[in-house]
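One structure is given here, and the rest of the page talks about it.
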Amino acid sequence: MLSMILLTATTISAILAIITFWLPQTNPDTEKVSPYECGFDPLGSARLPFSMRFFLIAILFLLFDLEIALLLPAPWAVQLEYPTVTTTWALIILSLLTLGLVYEWTQGGLEWAE
């Protein structure tokens, strides 16, 4: 049984490795090959204007992403002695996230263009 699993895993890995050499395009995009994937010329002027809206959206994403990470242990914590405490804290975090999202939405913080 173990040898069959190893043979199957090795075969699938070899097939996928061979396919990856055949599928890529021979003429890669110059933007994708550049060391900076931000879309700006790294050798140009460092004083280009940036959109503040972009940074606000990025900060909001990080904020909500980090708060969602607080909910990751919730499925395992339900198996503890007092699962109601875990559920209560998870609901508090979710309600804070929802209120924050509603606030940002009403204030226009999620609009890309004015």
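Index from 1, following the sequence.
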When rounded to the nearest 0.5 angstrom, what distance separates [atom1] in [X] from [atom2] in [Y]?
X    : Y    : atom1 : atom2 : result
T86  : L91  : OG1   : CG    : 11.0 Å
L60  : D65  : CG    : CG    : 12.0 Å
I15  : T20  : CD1   : OG1   : 12.0 Å
T106 : L101 : OG1   : CG    : 9.5 Å

TODO: If you link ILVMFWY side chains whenever their heavy atoms are less than 4.5 Å apart, which other residues fall into the same cluster as W22? By chain and number, please.
DONE: I18
Open item on the list: Running the 4.5 Å side-chain criterion over Ile, Leu, Val, Met, Phe, Trp and Tyr, what cluster does I12 land in, apart from itself?
Closed with: L16
Open item on the list: Side-chain heavy atoms nearer than 4.5 Å, only ILVMFWY residues, links allowed to pass through others: does that put V102 and L97 together?
Closed with: no
Task: Within one Ile-Leu-Val-Met-Phe-Trp-Tyr cluster: L99 and W105, side-chain cutoff 4.5 Å - done: no
Task: Over all atoms of both residues, closest heavy-atom pair of L7 and T11 - done: O-OG1, 2.7 Å
